Amino acid sequence: MFRIIAAFLWGMLICAPAYAAPQEIMINGSTTVLPVIQKVGEAFMNANPEIVLAISGGGSGNGLKALGEGLCQVAMSSRGIKESERTDAAARGIKPYRITIAMDALVPVVHPDNPVNKLSVEQLREIYAGKISNWKDLGGNDERIVIISRDSSSGTFETWEEIIMNKGRVTPRALLQTSCGAVVQAVSKNENAIGYIGFGYLNDSLKAVDVNGVHASAETALDGSWPISRELYLFTDGEPEGGLKKLVDFILDPLKGQKYVQEIGYIPLKK
Amino acid sequence: MSTANKERLIQIILAVVAFSSLLFLGLITLFLFMEGLPVFRHVGIGAFFTGTDWYPSADPPEFQILPLIVGSLAVTLVASLIAVPLGVLTAAWMTEVAPPLLRRILKPVIELLAALPSVVVGFFGMIVVAPILQNVFDADIGLNLFNAGVMLAFMSVPTICSISEDALYGVPQSLREASLALGATRWETTAGVVIPAAFSGIGTACMLGMSRSIGETMVVLMVAGGAGIIPEWIFDPVRPMPAAIAAEIAEASFRGAHYHALFAIGMVLFLFTLAFNCVAQAISMKKN
């Protein structure tokens, strides 16, 4: 009798991997990175049916917070981790580990009817600091500049602040929009507006402005000459292992994940 | 069970239900203050209320909410200037002039306006009203104080109109008859007798409408523009308190300074709506 039970248990033990529930990986964070992971995630789950990805957006800060609280295994972020976030995570024994997965470029945009075609980083800084407030100082019409910015808690805003503002503050007169889509909407409806968006959001209702004499295009972004670009990251708790490692390798594979990065409108990593 | 016991049991159940909402209100208030007050470890009370720099994610951050308070009060003021005359005059027309059949149709329709989801009102403001303000009124930007005020007026008219109408309807017919018998015209009767007689009800209606405007979130998040400045004129963008909380709470780190600051804004907002409701209560008590 015991022998039968023992044999049965032994059998279960051997068969266990076959019956194991699929591994679930929770991914949370930046809405900028989200479309890439969604697209790559579908292909990844088709190739690896034993792994299920649960992907949700909510912002870089949210994702890093969730990672630090152990609520997700992967955080998507469009910025580096802050020291305060690292210490919060460390308090729970979590060590955030950064993986670069793609490049994103921010583009200043104006209404197509605006005669201004090029600006320097310094001019952009002065516009956003509120020091230049009329388009005629930039070779445009005699109209007040309507400054449109992303919300100060977004990763896009932080990147803009880091690259353009150089520790200066964005004027409180700037209109803060809660998504890149809302910036597109506001700029395309206002001849005197200026805003900034991710490369993937450019369309015919807007005009991209040349920065420091460089024209915004996939080529300039790829060869690194475009001045306003940033890396997009995933964060995991320590170096990824097992299913997580499979996922990360898949995303970084030039023929798999990186192909989708390009499709979404971001810039794949150079190999 | 005897009838007396059954009666007592029902009384107890009703008392528990009645007090539970009081208990929940108390607990929520307690929570709000517990999470909000710690912000004063990071910023002085004076600077918090009178400073004009709201840079919650700068390094070091600045938590000064005067522009947000002024933004909230400004949109509420604009909304009231539009909604109060509109609401009260509609109510007066319905009780004093309109034939009873029309009144019976019109009242539910106006109340239905209150059922319009606020996100739909916000969307309307963004897509329809904003371009009109830019093109026709030559505003720098259509997402501004005026747009938010108009959209909020939209949402508070049903409250103001419906409660005022009840108050006007409750004015005894004998008062109107006496006034008319003394030779007053219908307009004189309405303006000089009926409206003053229903004043407490109308006052309550206006206060409740304003309290709805100041607490409304989605509309101001979508159409107020979101710039943290003290508005200088009616087409300036503003960032009312509820919009700031809604836009930022998701990114504020749990129990960090920014998180406490947002709860403190919630606290201030709560005190404002409480004040409006107390005034409404006081007005309605005074008459009784």
Side-chain angles (χ1 to χ4, degrees), chain A residues 28-31 57-66 68-69 71 79 82-85 87-89 111 130 133 143-155 157-158 161-162 165 167-179 182 185-193 195, chain B residues 51-59 61-62 64 66-68 71 122-123 126-128 130-135 138-144 218 221-232 235-239 243-259 262:
Chain A
N28 190 346
S30 166
T31 49
S60 301
N62 242 340
L64 289 166
K65 196 168 83 179
E69 287 166 2
L71 298 175
R79 59 167 168 83
K82 289 180 190 167
E83 208 40 57
S84 60
E85 287 164 337
T87 38
D88 283 353
H111 193 274
S133 59
E143 294 280 0
R144 210 155 83 144
I145 301 176
V146 175
I147 303 162
I148 296 175
S149 173
R150 284 295 311 282
D151 231 304
S152 59
S153 45
S154 68
F157 175 87
E158 282 170 25
E161 199 178 31
E162 191 185 302
M165 300 311 289
K167 294 198 168 35
R169 281 177 174 173
V170 168
T171 167
R173 296 203 68 85
L175 277 89
L176 305 183
Q177 299 293 317
T178 46
S179 69
Q185 177 76 19
V187 174
S188 65
K189 289 232 177 339
N190 194 320
E191 284 180 28
N192 302 316
Chain B
T52 56
D53 289 333
W54 176 252
Y55 284 100
S57 51
D59 195 24
E62 302 274 9
Q64 303 176 349
L66 187 65
L68 312 188
F123 196 63
M126 238 173 151
I127 304 297
V128 179
I132 295 176
L133 291 180
Q134 273 166 218
N135 300 334
D138 204 30
D140 282 337
I141 180 83
L143 304 171
N144 56 34
M218 201 62 211
L221 182 62
M222 290 172 81
V223 303
I229 51 169
I230 294 176
E232 283 152 16
F235 290 138
D236 270 348
V238 290
R239 190 174 183 80
I245 299 176
E248 294 166 24
I249 193 72
E251 298 270 337
S253 77
F254 184 62
R255 300 235 156 113
H258 188 192
Y259 170 94
L262 292 176

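Per chain, numbering begins at 1; letters A, B, ... match sequence-line order. Remember, it's a predicted structure, so these values are computed and weren't measured experimentally.
Distance check: B/Ile230 CD1 to B/Leu66 CG gives 4.0 Å after rounding to the nearest 0.5 Å.
Proximity to chain A is limited to the side chain of B/Asp53, based on heavy atoms less than 4.5 angstrom apart. For A/Glu143, no part sits under 4.5 Å from any heavy atom of chain B, backbone or side chain. Heavy-atom distances place no part of A/Glu161 under 4.5 Å from chain B, backbone and side chain included. Contacts of B/Asp236 with chain A are made by side-chain atoms alone, with heavy-atom separations under 4.5 Å and no backbone atom involved. Contacts between A/Asn190 and chain B at a heavy-atom distance below 4.5 Å involve backbone atoms as well as side-chain atoms. With a threshold of 4.5 angstrom between heavy atoms, A/Glu191 does not approach chain B through any atom at all. For A/Thr171, the part lying near chain B is the backbone, with the side chain staying farther off; criterion is any non-hydrogen pair under 4.5 Å.
With sequence neighbours left out, the side chain to side chain contact (heavy atoms under 4.5 Å, CB included) criterion links B/Pro56 to A/Ser152, B/Trp54, B/Phe63, B/Glu248, B/His258. Residues forming a salt bridge (charged side-chain N to carboxylate O under 4.0 Å, His left out) with B/Glu62 (at least two apart in sequence, or on another chain): A/Arg169.
Ranked by heavy-atom pairs under 4.5 Å with chain B, the list A/Glu69, A/Arg173, A/Lys82 is led by A/Arg173. Most heavy-atom pairs under 4.5 Å with chain A: of the set B/Met222, B/Gln134, B/Met126, this distinction falls to B/Gln134. For the options B/Ala243, B/Gly228, B/Pro131, heavy-atom pairs under 4.5 Å to chain A are most numerous at B/Gly228.
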Steps toward side chain to side chain contact (heavy atoms under 4.5 Å, CB included) verdict (A/Val146, A/Leu175): CA-CA 8 Å; A/Val146 175; A/Leu175 277 89; 4.1 Å; yes
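A/Phe157 is listed as a side-chain neighbour of A/Ser149, based on a closest heavy-atom distance under 4.5 Å. Looking only at side-chain heavy atoms (C-beta outward), A/Lys189 and A/Val187 stay at 4.5 Å or farther from each other. Within the 4.5 Å cutoff, no side-chain heavy atoms of A/Lys65 are placed close to those of A/Asp88.
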